[in-house]
Structures are given as structure tokens and as C-alpha cells.
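We count ligands from 1, going down the list as the structure has it; atoms in each ligand are counted the same way.
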Amino acid sequence: MSWDHVWIDVNIATMDPTNSAAYGAIADAALAVKDGKIAWIGQRKDLPEFDVFDIPVYRGKGGWLTPGLIDAHTHLVFAGSRANEFEMRLEGASYEDIARAGGGIISTVKACREADAAELFELGRQRLNALAKEGVTTVEIKSGYGLDTETEIKLLKVARELGKHHHVDVKTTFLGAHAIPPEFKDNVEGYVDLVINDMLPAVIEQGLADAADAFCENIAFNLDQTERVLTAAKDAGLEIKLHAEQLSNMGGSAMAAKLGAKSVDHIEYLDEAGVKALAASGTCATLLPGAFYFLRETQVPPIELLRQHQVPIVVASDFNPGSSPICSTLLMLNMACTLFRLTPEEALKGTTINAAKALGIEQNLGVLSEGMQADFCLWDITTPAQLAYSYGVNPCKEVIKNGQLVHQ
Ligand code: NIG
Ligand code: FE
């Protein structure tokens, strides 16, 4: 055997759907890595013999391996703070009130237009470190706090640079249609034209985005405007996804599903017709419990319908300064269970196999099986449910990215 290293004395939550055990679990398991990929995985007793003097052996002390966590929805490149809006909301103002009064997303836009790339990079790096320490190995990062061509490009470049300089892989998403900038307050169609005819071609030309997103909501873009943006992005070769049905039912999810969106995100107000549309197109439903919690929402996403129609459920942090200033993917597992009644297994699927589907990387990531990329974590836990059950003492002991130990 010419492996690079071997793991023993571990249990493995493979999340492999071909393994019918809960979590695709293998007790008393072993795993071998070669050239950044999983070369062998199974029960320890079946591990082929190998030369222990030649191949390093790591012992997991009876802990659990899981796939590296994937956070499929974040806005982690931003400047400034919105703590003042938090205080305003505690005094009775709503998220919508603040947005309509020119605060909200627009206040972060002002801070991002003023910030230089180096400052944004450093802020992003610290946040990426925080996620990485809790086992995140792949993250999606959106723009959307520039709302002019120059600043949208700046944010996407920073996100791409973070991916180059950090072991966490970064997928970037162009979110030019996140909010209406003050300059276009009375000319929303004009802003949509700018997104489609100026920003999008610049983003494509510089290869800065893997996907495009928009915010379909009564405080942002209507259904027609959103459809125009997503159609243009799709025609330009990007994957598409959508912030939809967060505060009201606008029909955005069904429209995005028809266009072949990878995911629709938030979806508290999604109805059964919308759920059926997702099922028909294989679109993932991304739940963002951090935003639900922080905005003190009460409308719970239609979890039971998603289960009935077998829509892949994703769980993500939505980390951003306004609706989810919580930089922890791990905490989202807990919140998805306590707030949305997901099972711990569904929550973990939402940050592994299903998160990989939402990002279109499921051929390589999200599951531990032979031939998959060797991105995994060792956790000091006695059952995988513990990842969703408890929070505060970080159980992440080691992180392996592309077969290399990157965090201990
Ligand atoms: O996903 N809903 C729209 N966009 C973000 C919030 C952005 C902000 O408030 O800064 C979200 O919740
Ligand atoms: Fe978001």
C-alpha cells in the first residue's frame, strides 16, 4: 500500500447515502489518504495490511471523523458594524423599517465603498479563521455590499484572494442585486440594467464569480427584476441562487427553481407550490437559522413539506452584519435543531452533503467515501449528535484539507 497516511481508532460519520446507518456511520473505522484523496475507508478489521514503519498513522482516540463542514451561504467580506441597528430593533424598529429609512444593507454599502481592499481582506481573514477553527473547509462568500461596479469587483476580488491565501476553499457569488443603492432610489429598473449590462460583464470578464444571487423581496427587487438578473447571469454561464421568501411570499423560489437555481435561501414564507417547484428542479432549500434567530422571526420554514417532497435541506450561517452577525457554522447546527426542529443528522447533512450540492461540488466533497477529496475533521465527541447538541467548548481537534493536516 502506498498511502500518504492512515487514520485509526476513529468512528466515521461518512454522510454517504449508500450507507444506510444513521450519519452513514462506520464504528471502529479506518481511513487512508493518498494524493489528497480518500484511498480507503471502512471498518478497521478490514483495513489491508500496510507497512507501519513507512506510512504515518494518526490515532483519533475514539473520536469521530466527519466531512469538513461547508458553509454554503455567507456575506463575510464587509466593513463596519450595525450594532446601532441592533439597538434600534430592540427599541421596536423592524429590519424593514431600518432598510426603508436608508439603513440596513445600505449602511454596510457605505462602509464597504470607503474601505480599501487590504482592510476588507484582513477582516475577512479573521472571520475565515473563526469558521476554520470549527471545522469549516469550504465557504461561499457573496458580494452585494458594493452596489456599484467598482466596489462589487473589489469585494469579489477580496473573496477570491481569501481563497488563495487560506486553506479554506472559497466559492464566490456575485450579489449585485442585493439592495437598491441610494443613487437609484427612484430608478430601480435603471439599477437592474446596470447590474446586467455593466457589473455582470465585468465580473465574468475577470472570472470573479462562480454563481450569482439576488434578493427578491418587497424591500429589494420584485419578481420580474429578479428574473431578469438571474436569467442574464445564467446566460453568462454562472450558477444561480436566490434570497427568497424571507419576509414575504413573492414567488421567487418557484421562479428561480424554473431557471435551474442551485438553491433558494431563507424561505420562511415558502408555500407548498414553491416546495414542489424545488423538488421538480432539484433545487436545494437553504435554511438560515442565524438570521431567523437574530431578527426574532416567528414564521418557521416549511420543514415538513421539504421532507415530504425530499428537497435537499442545507444549513448555513448567512454570516453578515445585519441579519446574522454570528460567525459560526457549528452553532447553526444547534439552531437548526432548536429553532426549526431539524434532527441533528439533517442539520449535519445540511453542512456537508447537501451544502456540497448547493455549491455544485458534490462530486468531490461533502461525503467521506473512496475517491472523494480528503477534507475532514476529527471531533472529540462520542456521538455525531453532539455537534448539534452542545456549543461553546470547541470539539474540533484536527482538520485535514486535501489530505494535509491544517489545524490541530
Ligand atoms: O441574507 N436578506 C438579505 N440579505 C442578507 C442580509 C444583509 C444585511 O442585512 O446586511 C441576508 O439576510
Ligand atoms: Fe444572505
Any idea which protein heavy atom is nearest [atom], and the distance to it?
{"atom": "atom 11 (C) of ligand 1", "answer": "Asp318 OD2, 3.2 Å"}
{"atom": "atom 12 (O) of ligand 1", "answer": "Ser323 OG, 2.5 Å"}
{"atom": "atom 2 (N) of ligand 1", "answer": "Gln246 OE1, 2.8 Å"}
{"atom": "atom 4 (N) of ligand 1", "answer": "His178 NE2, 2.8 Å"}
{"atom": "atom 7 (C) of ligand 1", "answer": "Tyr145 OH, 3.2 Å"}

I'd like to know if the side chain of [X] pairs up with that of [Y] as donor and acceptor (distance under 3.5 Å, no hydrogens or angles considered).
{"X": "His5", "Y": "Trp7", "result": "yes"}
{"X": "Gln404", "Y": "Asn402", "result": "no"}
{"X": "Thr382", "Y": "Gln386", "result": "yes"}
{"X": "Thr329", "Y": "Glu134", "result": "no"}

Considering only heavy atoms of [X], which atoms of ligand 1 have at least one such atom less than 4.0 Å away?
{"X": "His266", "answer": "1 (O), 2 (N), 11 (C), 12 (O)"}
{"X": "Asn320", "answer": "6 (C), 7 (C), 8 (C), 9 (O), 10 (O), 11 (C), 12 (O)"}
{"X": "His243", "answer": "1 (O), 2 (N), 3 (C), 4 (N), 11 (C)"}
{"X": "His73", "answer": "1 (O)"}

Open item on the list: If you consider just the N/O/S atoms, which atom of His73 is the closest one to the Fe ion (ligand 2)?
Closed with: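 Among the N, O or S atoms of His73, the one closest to the Fe ion (ligand 2) is NE2.
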Open item on the list: Is the contact between Glu217 and ligand 1 made by the side chain, the backbone, both, or neither, using heavy atoms and a 4.0 Å cut-off?
Closed with: neither
TODO: Evaluate side chain to side chain donor-acceptor pair (under 3.5 Å) for Arg160 paired with Thr172, printing each intermediate quantity in order.
DONE: CA-CA 7 Å; Arg160 277 274 195 251; Thr172 58; 3.1 Å; yes
Open item on the list: For a 4.5 angstrom cut-off between non-hydrogen side-chain atoms, does Glu152 reach Leu147?
Closed with: yes
Task: Test: Asp9 and Lys61 ion pair at under 4.0 Å - done: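 No.
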Open item on the list: In terms of relative ring orientation, are His73 and His75 parallel, tilted or perpendicular, with 30° and 60° separating the classes?
Closed with: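 Because their plane-to-plane angle lies in the 30° to 60° range, the rings of His73 and His75 count as tilted.
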Open item on the list: Any N/O/S atom from Asp318 (main chain or side chain) under 2.8 Å of the Fe ion (ligand 2)?
Closed with: yes
Open item on the list: Just checking: His243, one of its N/O/S atoms, less than 2.8 Å away from the Fe ion (ligand 2), yes or no?
Closed with: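 Short answer: yes, at least one N, O or S atom is under the cut-off.
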Task: Rounded distance [0.5 Å steps], CG in Asn218 versus OG in Ser248 - done: 4.5 Å
Task: Tyr95-ligand 1 polar pair, N/O distance under 3.5 Å - done: yes
